[in-house]
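First up is the structure itself, then whatever we jot down about it.
This one's a predicted model, so the numbers in the text were calculated from it and none came from an experiment. Numbering of ligands and ligand atoms starts at 1, following listing order.
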Amino acid sequence: ADLALGAQIFNGNCAACHQGGRNAVIAEKTLDKAALEQYLDGGFNVQAIIYQVENGKGAMPAWSDRLSEEEIQAVAEYVYKQASEAAW
Ligand code: HEM
C-alpha cells in the first residue's frame with residue numbers, strides 16, 4: 001500500500017470535505033471507524049471505501065473520472081488505516 005500517495009491524494013481531493021477525518025456536509029458521517037461501520041455501504045473495509053470513492057454517494061462526488069485506480073486504491077487504504085488506528 002502506498003500510504004504516502006494516499007495521504008497526498010486525500011489532502012488534495014478529500015480534505016475539502018473531510019478535514020481531520022470529519023464530514024463538513026453531513027456531520028455524523030465522519031471517517032471514524034464507528035461511523036464507517038454504521039453508514040458506509042458494504043461495511044468497514046477497503047473495498048467498500050473504494051466503491052464509494054469511485055461512485056460517490058449523495059452529495060459526495062464520484063472520483064473515477066478524476067483519479068486513477070492506483071490513486072483510488074491508495075486513498076482508500078489510507079482512510080482505512082487512519083480509521084483503524086483512530087489516527088485522524
Ligand atoms: C462520505 C471518502 C471526497 C462529501 C464519505 C465516506 C467515505 C468518504 C469513506 C463514508 C463516511 C461515512 O459514511 O461515515 C472520501 C474520499 C474522498 C472524498 C476518500 C476523496 C477522494 C469528498 C468530497 C466531498 C465529500 C470532496 C464534498 C464535496 C461526502 C459526503 C458523504 C461522504 C456528503 C456522506 C455521503 C452519504 O452517505 O450521503 N466520504 N470522500 N467527500 N463524503 Fe466523502
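- The aromatic rings of F10 and W88 are tilted relative to each other, their planes meeting at an angle between 30° and 60°.
- A donor-acceptor pair shorter than 3.5 Å can be found between the side chains of E77 and Q73.
- Within 4.0 Å of ligand 1, contacts by protein heavy atoms are made from N13, C14, C17, H18, N23, V25, I26, K29, T30, L31, A35, L36, Y39, L40, Q52, V53, K57, A59, M60, P61, W63.
- A74 approaches D2 most closely through the heavy-atom pair CB-O, 3.6 Å.
- Within 6.0 Å of atom OH in Y51, 12 or fewer heavy atoms from other residues, nucleotides or ligands are found, so the atom counts as exposed in its surroundings.
- Scanning both residues, A24 and A16, for their nearest heavy atoms gives CB-O, 4.5 Å.
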Exercise answer: donor-acceptor pairs, residues 25-42 side-chain atoms, under 3.5 Å, sequence neighbours excluded:
residue, atom, partner, partner atom, Å
T30, OG1, D32, N, 3.1
T30, OG1, D32, OD2, 3.4

